[in-house]
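A quick write-up on the structure given underneath.
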Amino acid sequence: MSYHESLRRSFFVAIASAVALLIVSCDSEDMSDLLDIEEDPLYSLASFPVGVAVSSPDLLGDNIYFRSLSAHHFNSITCGNDMKMDALHPSEGSYSWGNADFLIDFAQQHNKRIHGHVLVWHSQVPLWMEDYQGTSDQWEALLKDHIKTIVTHYQAEVFSWDVVNEAFEEDGSLRHTIWRDNIGDDYIAKCFQWAREAGPGIKLFYNDYGLSFNGPKFWAVQAMIDDFQSRNPPIPIDGIGFQMHISDDNPPLANIQAVVDTIEARGLLVHFSELDVSLNRNGYYSELTEAMKQRQKERYYDVFTVYRSLPDELQAGITIWGVGDSDSWIRSFFGRIDWPLLFDDNYDPKPAFWGVVEALQDSG
Ligand code: G3I
């Protein structure tokens, strides 16, 4: 090999090694001056609860990483599935508390707040409810019993409930569900009233996805709040849950800021209730690149920074919808690879995790 050839080769080897080193060091950035990840919980940096969605299979199985990271970094728990209608009320007249109680024990052992999800939804409804035949009054009695029984059962443990989930379509019209179709358009207001009667001290939320686009669905939610507050007596509602299943490029940050400002102006609590940041919403990618990780880090930083603009008393918290990327609902629901969460498939923290740390530590 000629001298020049060997020089050129060593040059490329040196460049390649430097790039490799850079990638490795970005991946396992030593951020211990920001947070000692073994010692200090993520939530300890925040002025609001930082939560995570957990499900009984995750905690009952042998997933020690899921268990220990949930216990260590988060101080609020939402049941991802175990408090839904089909889980708690599988057959007529009979409730099944076992799995949810198990998660509540876990939360209490580790001193965590419990956010209840969800009293009324059109999805994950037990078959017996879907097949139910009755008059409007009988449907109303069924739903009232469901809400009152559950809110009463968990009155001492659950801090807040998503009372109604996803009642509006994208265009702002009311979604046709068995509840609306059998009880009437006013079923949402009735649900909030029944929840308040059963749990006077419990914070009550309306929860939905896509609200942070600041479009017709969000305007419909505002109209609902106006309606609730203008009645005599007013219909109780304490806050809005923005699910925040967002992606790295959508919706624009200005829209997220605008919806938060709108709810702040109404003096209601704001919960970012199911946050995850998709990197592959169009399914174009099969691998996670360094550039994508950095985009996601910025996105988490921005979302937490917007949230911090709220006054403390309106901060109900931010809940992340899972721990490691492989836990995310997105892969199975949409049938595509994605990496939406703070920890990777091996439960190592991603740059996204450090984006949250930086946002929480930023004094600006
Ligand atoms: O219960 C069965 C189990 O018996 C079976 O062995 C297993 C096999 O796949 O499926 C289990 O049901 C799954 C259930 O999660 C519990 O794991 C369903 O198939 C699956 O569709 C269901 O997905 C949940 C999804 O809601 C259903 O709509 C996700 O875990 C849950 O994260 C997701 O959460 C929703 C929020 O409640 C509301 N906002 C949107 C969010 C994401 O879709």
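Note that ligands are numbered from 1 as they come in the structure, with each ligand's atoms numbered from 1 the same way.
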* Asked: For I330 and S278, which heavy atoms make the closest approach, and how far apart are they?
  ->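 So the minimum-distance heavy-atom pair works out to CD1-CB, 4.4 Å.
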* Minimum-distance pair of heavy atoms, taken over all atoms of L204 and F192 ->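 Between these two residues, the closest heavy atoms are CD1-O, 3.7 Å.
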* So does R266 pair up with D226, basic N to acidic O under 4.0 Å? ->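 A salt bridge is present here (some side-chain N lies under 4.0 Å from a carboxylate O).
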* Among protein heavy atoms, which sits nearest to atom 33 (C) of ligand 1, and what does the distance come to when rounded to 0.1 Å? ->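 The closest one turns out to be K84 NZ, 3.6 Å.
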* Provide, to 0.1 Å, the distance between atom 32 (O) of ligand 1 and the closest protein heavy atom, together with that atom's residue and name. =>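 For atom 32 (O) of ligand 1, the nearest protein heavy atom is W321 NE1, 2.9 Å.
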Less than 4.0 Å between [atom] and some protein heavy atom, yes or no?
atom	result
atom 30 (O) of ligand 1	yes
atom 24 (C) of ligand 1	yes
atom 38 (C) of ligand 1	yes
atom 8 (C) of ligand 1	no
atom 19 (O) of ligand 1	no

* Asked: Same cluster or not: are F218 and Y209 linked, directly or through other Ile, Leu, Val, Met, Phe, Trp or Tyr residues, by side-chain heavy atoms under 4.5 angstrom apart?
  ->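 No: no chain of side-chain contacts under 4.5 Å links F218 to Y209.
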Residue pair [X] / [Y], side-chain donor-acceptor N/O under 3.5 Å:
X	Y	value
Q243	E166	yes
T135	D137	no
D327	Y65	no

Of all the atoms in ligand 1, which lie at a distance below 4.0 Å from a heavy atom belonging to [X]?
X	result
H245	40 (C), 41 (C)
E166	38 (C), 39 (N), 40 (C)
W329	32 (O), 42 (C), 43 (O)

* Return the option from M83, E274, Q124 holding the heavy atom at the smallest distance from atom 40 (C) of ligand 1. =>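 It is E274 whose heavy atom sits nearest to atom 40 (C) of ligand 1.
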* Among I330, D86, N81, which one has a heavy atom closest to atom 16 (C) of ligand 1? ->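 Nearest option to atom 16 (C) of ligand 1, by heavy atoms: N81.
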Look only at interatomic distance and state if [X] has a nitrogen or oxygen under 3.5 Å from any nitrogen or oxygen of ligand 1.
X	result
W121	no
N165	no
H117	yes

* Test side-chain hydrogen bond (donor to acceptor under 3.5 Å, both in side chains) applied to D238 and R196, H271, K203, the passing residue ->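 In the set R196, H271, K203, the residue that makes a side-chain hydrogen bond (donor to acceptor under 3.5 Å, both in side chains) with D238 is R196.
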* Note, I320 side chain near F343 side chain (heavy atom, < 4.5 Å) ->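 Sidechains of F343 and I320: no contact.
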